[in-house]
2 protein chains.
Amino acid sequence: MLFYNISIGFYAVASKSMQPLGFEKHDHATCISDAVERADAVCRDSGLQFTPVRRRVLEILLSDHRARGAYEILDILRNEGLGSQPPVAYRALEFLVAHGFAHRIEKLNAFIACGYSEHNHMPAFLICRNCGSVAETDAAPNRSAVGRIAKAAGFHIERAIVEVEGLCPECQEAEA
Amino acid sequence: MLFYNISIGFYAVASKSMQPLGFEKHDHATCISDAVERADAVCRDSGLQFTPVRRRVLEILLSDHRARGAYEILDILRNEGLGSQPPVAYRALEFLVAHGFAHRIEKLNAFIACGYSEHNHMPAFLICRNCGSVAETDAAPNRSAVGRIAKAAGFHIERAIVEVEGLCPECQEAEA
DNA sequence: TATTGATATGTTATAAAATAACAATTAACA
DNA sequence: TGTTAATTGTTATTTTATAACATATCAATA
Ligand SMILES: [Zn+2]
Ligand SMILES: [Zn+2]
Ligand SMILES: [Zn+2]
Ligand SMILES: [Zn+2]
């Protein structure tokens with residue numbers, strides 16, 4: 001199974017009629033296991049418990065690099081007998097987000113696996129309003145115009161939510 | 001009644017023990033009427049109906065330049081006999097947001113009056129995690145690092161959600 | 001100004017997203 | 001092994017948002 005991405009982490013989405021174009025392929029088979037492996041190692045090093053539910057939720061998020069709602073994830077867990085009530089999903093997601101293995105996308109009320117191996121970076125997302133695909137890149141708020149304004153105002157930035165909406169390359173072609 | 005802001009639009013909040021410092025004062029009495037007046041004029045020019053509910057919701061949002069949830073606004077409307085069910089508040093807010101008189105803050109599931117007279121700009125917000133105050137400034141995503149990356153990736157930006165969390169100047173002092 | 005089509009509001013009901021609270025279980029460590 | 005801390009199970013509820021349809025109001029024009 002092959003998925004496509006570009007260097008900044010623009011992910012293809014399984015749903016709808018999106019045809020990736022101009023994207024590098026990536027070997028999705030090793031991509032999931034690699035990311036899970038990395039998370040496992042980080043947890044071992046940090047004394048965190050990478051429990052079955054947490055591992056499985058990360059796998060689900062990685063399975064097609066798509067943004068998924070908590071209840072969508074819960075449905076899968078329920079079918080697999082790994083938990084049937086909302087708090088189970090929300091707790092696992094809270095853990096993954098807290099430790100940088102996943103991110104929450106406010107605009108979508110959804111979660112996505114982190115596409116970067118460096119932990120605790122500040123992500124920015126490009127969200128296609130047509131096909132729902134989501135690309136991850138880096139926000140670097142302190143070096144941005146907003147960062148300069150914040151500094152001038154004496155505001156100390158701890159976290160940035162940067163979610164850009166628009167049309168991905170494929171959907172621009174489709175509209176034309 | 002005086003509220004304080006700085007040139008980029010950092011607003012004081014009525015709640016909690018926040019003491020504005022280093023902010024310019026602004027004449028809040030005229031501030032509300034001016035903004036409502038502006039919205040009225042824009043609506044007249046554009047053939048939009050600036051109805052009593054819509055006007056009142058804008059006044060509420062302006063009344064202390066604070067981010068307010070839809071149900072908080074609905075409570076006020078209900079007390080005033082202007083509508084008692086959620087759709088009334090949500091419709092008015094949808095109208096105000098659609099025409100640039102207010103913005104939705106995703107991180108807070110809340111709404112705030114636009115602090116700028118130029119319509120349809122792309123706002124960015126500085127949100128204090130301690131006192132909840134919200135400052136509005138400009139995102140200018142096309143000139144940002146994310147904008148450059150998006151362009152390189154062939155992604156067409158239509159809208160940007162930029163919400164920066166951290167500590168406002170006052171709360172930094174309080175923590176120290 | 002009476003007709004009429006569009007826009008806005010009133011209302012009921014429900015959906016969707018998230019959390020509080022407490023009990024039961026499992027892991028970590030002395 | 002016993003003790004504490006962390007995690008999960010479970011029930012119930014809260015918060016946020018929308019669908020659907022009835023009624024009222026507005027705006028244009030016949
Ligand atoms: Zn992959
Ligand atoms: Zn697309
Ligand atoms: Zn004011
Ligand atoms: Zn503050």
Side-chain angles (χ1 to χ4, degrees), chain A residues 39-40 42-58 60-61 66-99 101-112 132 161 163, chain B residues 39-40 42-58 60-61 66-99 101-112 132 161 163:
Chain A
D40 204 355
V42 170
C43 289
R44 267 198 310 275
D45 290 354
S46 313
L48 301 170
Q49 297 183 45
F50 198 45
T51 65
V53 189
R54 292 168 176 177
R55 173 187 297 264
R56 185 64 191 121
V57 171
L58 180 57
I60 291 167
L61 289 176
R66 194 156 58 81
R68 290 191 188 255
Y71 282 79
E72 194 181 345
I73 288 163
L74 180 59
D75 282 344
I76 297 173
L77 293 180
R78 184 181 291 121
N79 285 334
E80 299 175 352
L82 266 172
S84 60
Q85 300 304 323
V88 174
Y90 278 102
R91 285 165 181 155
L93 288 165
E94 182 182 39
F95 173 89
L96 295 173
V97 169
H99 298 100
F101 306 129
H103 305 294
R104 179 184 162 83
I105 300 181
E106 298 293 335
K107 174 65 200 197
L108 302 176
N109 290 335
F111 301 83
I112 195 163
I161 296 167
E163 299 173 6
Chain B
D40 204 354
V42 170
C43 288
R44 266 196 312 274
D45 290 354
S46 313
L48 301 169
Q49 297 183 44
F50 198 45
T51 64
V53 187
R54 292 168 177 177
R55 173 186 297 264
R56 185 65 191 121
V57 171
L58 180 57
I60 291 167
L61 290 177
R66 193 156 59 79
R68 290 190 188 256
Y71 281 79
E72 195 181 345
I73 288 163
L74 181 59
D75 283 344
I76 298 173
L77 294 180
R78 184 181 291 121
N79 285 334
E80 298 175 352
L82 266 170
S84 60
Q85 300 304 323
V88 174
Y90 279 101
R91 285 164 182 159
L93 289 164
E94 182 183 39
F95 173 89
L96 295 174
V97 169
H99 298 101
F101 305 130
H103 304 294
R104 178 182 163 85
I105 299 181
E106 298 294 335
K107 174 64 201 198
L108 303 175
N109 290 335
F111 301 83
I112 195 162
I161 296 168
E163 299 173 6

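Lettering of chains follows the sequences in order, A, B, ..., and the numbering in each one begins at 1.
Between A/Phe101 and A/Phe95, the ring-plane angle classifies as tilted under the 30° and 60° cut-offs.
For the pair A/His99 NE2 and D/dA6 P, the computed distance is 12 Å after rounding to whole Å. If you take CG of A/Leu77 and C1' of D/dT8, they are 12 Å apart, rounded to a whole angstrom. Distance CZ (A/Arg78) to P (D/dG9): 12 Å, rounded to an integer number of Å. We find that CD of B/Glu106 is positioned 12 Å from P of C/dA18, with the value rounded to whole Å. Whole-Å rounding puts the A/Leu74 CG to C/dA18 C1' distance at 12 Å. Between the CG atom of B/Leu82 and the C1' atom of C/dT11 there is a distance of 16 Å, given to the nearest Å. Between the C1' atom of C/dT19 and the CD atom of A/Gln85 lies a distance of 13 Å, rounded to the nearest Å. For the pair A/Arg56 CZ and D/dT8 C1', the interatomic distance rounds to 18 Å; values are reported in whole Å.
Across all their heavy atoms, A/Leu74 and A/Pro86 have their closest contact at CD2-N, 3.5 Å. Between B/Arg66 and B/Ile112, the closest heavy-atom pair is O-CG1, 4.0 Å. Scanning both residues, A/Ala89 and A/Ala70, for their nearest heavy atoms gives CB-O, 3.8 Å. Annotation for A/Gly83 and A/Val88: closest pair CA-CG1, 4.0 Å, computed over non-hydrogen atoms.
An OP1 or OP2 oxygen of C/dG10 is reached within less than 4.0 angstrom by no side-chain nitrogen or oxygen of B/Ser84.
With contacts defined as side-chain heavy-atom distances shorter than 4.5 Å, the pair A/Val57/A/Leu82 does not qualify. Between B/Ile60 and B/Glu72, the closest side-chain pair of non-hydrogen atoms is not below 4.5 Å.
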Under 3.5 Å, N/O pairs linking protein and nucleotides 13-17 of chain D:
| unit_1 | atom_1 | unit_2 | atom_2 | d |
| --- | --- | --- | --- | --- |
| D/dA17 | OP1 | B/Arg104 | NH1 | 2.8 |
| D/dA17 | OP1 | B/Arg104 | NH2 | 2.6 |
| D/dA17 | OP2 | B/Tyr90 | OH | 2.9 |
| D/dA17 | O5' | B/Tyr90 | OH | 3.4 |
| D/dA17 | N7 | B/Tyr71 | OH | 2.5 |
| D/dA17 | N6 | B/Tyr71 | OH | 3.4 |

Give me the distances for all protein-to-nucleotides 20-28 of chain C N/O pairs that come in under 3.5 Å?
| unit_1 | atom_1 | unit_2 | atom_2 | d |
| --- | --- | --- | --- | --- |
| C/dA21 | N6 | A/Arg91 | NH2 | 3.3 |

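When each of D/dT8, C/dT9, D/dT10 is scored by its nearest atom to the side-chain atoms of B/Val53, the top-ranked nucleotide is C/dT9.
Axis orientation changes by 30° from one end of the helix from C/dT1-D/dA30 to C/dA30-D/dT1 to the other, with each end axis drawn from 5 pairs and the value rounded to 10°.
Note that OH of A/Tyr90 is 9.5 Å distant from CD1 of A/Ile73, once rounded to the nearest 0.5 Å.
Residues satisfying the side-chain hydrogen bond (donor to acceptor under 3.5 Å, both in side chains) test with B/Glu106, not counting sequence neighbours, are B/Arg104.
Applying the salt bridge (charged side-chain N to carboxylate O under 4.0 Å, His left out) definition to pairs two or more places apart or across chains, those involving residues 80-95 of chain B are B/Arg56-B/Glu80.
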Pair up each side-chain donor or acceptor in residues 45-54 of chain A with any protein partner under 3.5 Å, not counting sequence neighbours, and list the distances.
| unit_1 | atom_1 | unit_2 | atom_2 | d |
| --- | --- | --- | --- | --- |
| A/Ser46 | OG | A/Val42 | O | 2.8 |
| A/Arg54 | NH1 | A/Gln49 | O | 2.7 |

